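Values in this document were obtained by computation on a predicted structure and should not be read as measured data.
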Amino acid sequence: MPVRTATPPAADVVGLALEVLAAQGMSRPAAQTALKAMARERGLTVPRCAALVVAAVDGRMG
């Protein structure tokens with residue numbers, strides 16, 4: 001049975017998502033704006049949207 005790790009705090013997830021977006025060539029302010037826009041478009045909170053971005057990079061969609 002796989003070991004589940006604790007969900008990181010929202011601030012950590014947002015920070016990780018910003019790093020992912022920055023790795024795509026965005027500046028930090030642009031990454032923050034993009035993350036907020038993605039969340040708003042999908043009707044999600046910023047931390048939830050950030051968690052989905054991080055999960056997509058980790059290959060854990062859903």
_Residues which pass side chain to side chain contact (heavy atoms under 4.5 Å, CB included) with R28, listed by chain and number, not counting sequence neighbours_ = L18, Q32
*For L44 and L52, run side chain to side chain contact (heavy atoms under 4.5 Å, CB included): C-alpha distance rounded to whole Å, both residues' side-chain angles, the deciding distance at 0.1 Å, then the answer.*
CA-CA 10 Å; L44 301 171; L52 292 173; 3.6 Å; yes
*List for me each residue that meets side chain to side chain contact (heavy atoms under 4.5 Å, CB included) alongside A30, sequence neighbours excluded, and say none if there are none.*
M26, S27
Which pairs of donor and acceptor atoms, one on a side chain in residues 33-43, lie under 3.5 Å apart (sequence neighbours left out)?
unit_1, atom_1, unit_2, atom_2, d
T33, OG1, P29, O, 3.0
R42, NH1, M38, O, 3.2

